[in-house]
Amino acid sequence: MVKELVEDIKRYMADREINARLVLVFDHKTNTFEQRPWRDVKVGDVLQVVKDSFFPADLLLLAVPDSIDGLAYVETINLDGESNLKIKKALDQTQHVRIDTMQHFTGEVRCEQPNASLYTFTGNLVLSPPVVQEEQTVPLSQASLLLRGSSLRNTKYVLGTVVFAGHESKVMMNATLPPSKRSRVEREMDWLILAMFALLLIMCIIGAVAYSVWTSNLSPDQWSASSTCPTPHPFIPMFSTPIQALAPELKPYITVSQAVYCSVIGMHASTELWILWVGQWASSLG
């Protein structure tokens, strides 16, 4: 349980670090892009993502200012394990949008409900003047969707609007709870240890209360040095016997678990073992 608690804490700290990353978000009050943490990104925000940065949410690609054709290159190795770059294309109707004209951009995205499909996306973008001469509906597809967890490559920066954020993003909806690495026997042992610990605690409390009552009321008579009571009261040996019978059952399991855990930490921290292993591997290759 302690090992799983440590792993959960590490995952929690990693999540906090990711959510604290900064991204440029367009502020309609100041008409400028301001840095905000990922956790503050909301649906409808317009983001500016620079080269080699990860996308904090699922974005609809609006414009690629340094590309005439509106092409951007995205790496999705964190999503599907493929290291080859994917091509994403901005909408022709929004490719002309730039940072200095962002305050005049208005539109509405009407799309499917959040789902876990990484390779499909359907919806429409409704553009209003002054972006276009008259209201226009543009169909959307997967070719213009930038998924959270992927990164921008070989492109200076892109402009996009948030479609799905947080737990509604496609990669988060594909996420599952981390599997437990502990066997059924280990889980049962944990409950047995807790039960034995609770039993020992209850016995200690009862013994302490009974002993205090005995020493305050009966001790003067029972522990008298007179010949009428030559032996002590048998309460203490009667109580200590079950404790001695239960305690040894805890020691082997706890000791072995601690030894294994400390050994793993030592192996990860030791560079000499790693160098030795690499040397043996290299010599085996000739």
Side-chain angles (χ1 to χ4, degrees), residues 1-21 37-40 114 116 149 165-169 171-277:
M1 285 186 177
V2 176
K3 291 184 290 186
E4 289 193 344
L5 176 61
V6 173
E7 293 179 356
D8 290 340
I9 293 176
K10 289 182 178 179
R11 280 192 291 267
Y12 171 73
M13 297 302 294
D15 290 340
R16 287 194 60 182
E17 181 181 355
I18 292 175
N19 291 328
R21 291 178 180 176
W38 282 22
R39 59 176 173 267
D40 294 338
H167 289 281
E168 293 184 348
S169 60
V171 66
M172 293 297 292
M173 298 196 71
N174 276 278
T176 57
L177 294 176
S180 176
K181 300 179 181 178
R182 303 170 67 251
S183 63
R184 180 175 59 85
V185 176
E186 290 178 325
R187 290 194 293 269
E188 292 182 356
M189 282 294 297
D190 285 339
W191 287 111
L192 290 175
I193 290 175
L194 290 177
M196 295 171 65
F197 179 80
L199 179 61
L200 287 174
L201 181 62
I202 293 173
M203 293 174 64
C204 289
I205 294 175
I206 296 175
V209 173
Y211 183 74
S212 63
V213 173
W214 175 65
T215 53
S216 62
N217 299 328
L218 303 178
S219 178
D221 298 333
Q222 295 294 330
W223 287 95
S224 174
S226 64
S227 59
T228 58
C229 187
T231 57
H233 194 273
F235 170 74
I236 295 179
M238 289 175 60
F239 174 68
S240 61
T241 300
I243 294 182
Q244 295 175 359
L246 288 176
E249 302 297 333
L250 303 176
K251 294 179 180 179
Y253 179 75
I254 297 176
T255 303
V256 172
S257 299
Q258 291 177 346
V260 171
Y261 186 67
C262 294
S263 299
V264 172
I265 294 177
M267 285 188 292
H268 280 285
S270 177
T271 57
E272 295 180 358
L273 289 176
W274 171 254
I275 295 174
L276 178 62
W277 180 84

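Because the structure is predicted, anything quoted here is derived from the model rather than measured.
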Atom of P114, atom of E168 and distance for their closest heavy-atom approach: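 Reported closest heavy-atom pair: CB-O, 3.6 Å.
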Considering all heavy atoms, the nearest M172-G166 contact: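 It is CG-O, 3.3 Å.
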With [X] via side-chain contact (heavy atoms from CB on, under 4.5 Å) - residues at least two apart:
X    : result
N174 : A116, L118
L201 : I205
A175 : none

message: E17: which residues meet the salt bridge (Lys or Arg N to Asp or Glu O under 4.0 Å) condition with it, sequence neighbours left out?
response: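 None.
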